[in-house]
Amino acid sequence: MDTRWAGMIIPRHSVLIFSACIATALVVGPLSASAGAQLSSNTVTIDQVGRIASDGAITLTGTYRCSSQPVGPVLIGSQAIQGSSRVHLEGVVATCDGQQRSWRATGRGTETLVPGAASSEATLLHLDFSHGLVPFPKVLTSGTGSLRLQRS
């Protein structure tokens, strides 16, 4: 068995790890962040209007604030939900310096969303590398809200 590659993350695997962490945050975030969010300075909001591009891509925007993290990046994962349809948007790398900042994420899903009422979720996720090469996802905070999708 060739052990030269043992313990190394191959670039395409890092995309899979990143996607899995965002998906985990969106599922676990609302459940685990509510108690800790009240005690921290980490916040994430979602604007009440989302955009649908001519190609069907969804864009959400909002604000966030996070304090400095010692090891690993902080990401913003988001999704738009309309009925039983969900579109997960691209993860956004956050700048954690205690300042309120804006975020914007765009994505296309296999399901099509239409103009009108929808809901949204956003999660601030810290990828903690202090335990080794594989990141340990830690939800800093999450938010949900009502949304109106409009054509761009």
Is any side-chain heavy atom of [X] less than 4.5 Å from a side-chain heavy atom of [Y]?
X: R104; Y: T59; result: yes
X: L147; Y: L60; result: yes
X: V44; Y: W103; result: yes
X: F129; Y: P73; result: yes

Return the set of residues passing side-chain hydrogen bond (donor to acceptor under 3.5 Å, both in side chains) with S85 (not counting sequence neighbours), or none when no residue passes. E111

According to side-chain hydrogen bond (donor to acceptor under 3.5 Å, both in side chains), who are the partners of R101, at least two apart in sequence or on a separate chain? D97

Go through V93 and L75 one step at a time and tell me if the side-chain contact (heavy atoms from CB on, under 4.5 Å) criterion holds. CA-CA 5 Å; V93 177; L75 307 171; 3.7 Å; yes

Determine all donor-acceptor pairs shorter than 3.5 Å in which one atom belongs to a side chain in residues 46-56; sequence neighbours excluded.
unit_1	atom_1	unit_2	atom_2	d
D47	OD2	T61	OG1	2.5
R51	NH1	Q150	OE1	2.7
D55	OD1	A57	N	3.0
D55	OD2	R108	NE	3.3
D55	OD2	R108	NH2	2.4

Assigning hydrophobic clusters by single linkage (Ile, Leu, Val, Met, Phe, Trp, Tyr; side-chain heavy-atom cutoff under 4.5 Å), is L89 placed with I81? no

For [X] against [Y], the heavy-atom pair lying closest together:
X: C66; Y: N42; answer: CA-OD1, 3.1 Å
X: V87; Y: G109; answer: CG1-N, 3.7 Å
X: L125; Y: P137; answer: CD1-CB, 3.6 Å
X: Y64; Y: S102; answer: CE2-O, 3.7 Å
X: R65; Y: L124; answer: O-CD2, 3.7 Å

Quick check for you: to the nearest 0.5 Å, what is the distance between H126 atom NE2 and T141 atom OG1? 15.0 Å

Rounded distance (nearest 0.5 Å) linking atom CG of L149 with atom CG of L113: 6.0 Å

Is it true that a side-chain atom of Q82 and a backbone atom of V114 form a donor plus acceptor pair closer than 3.5 Å? yes

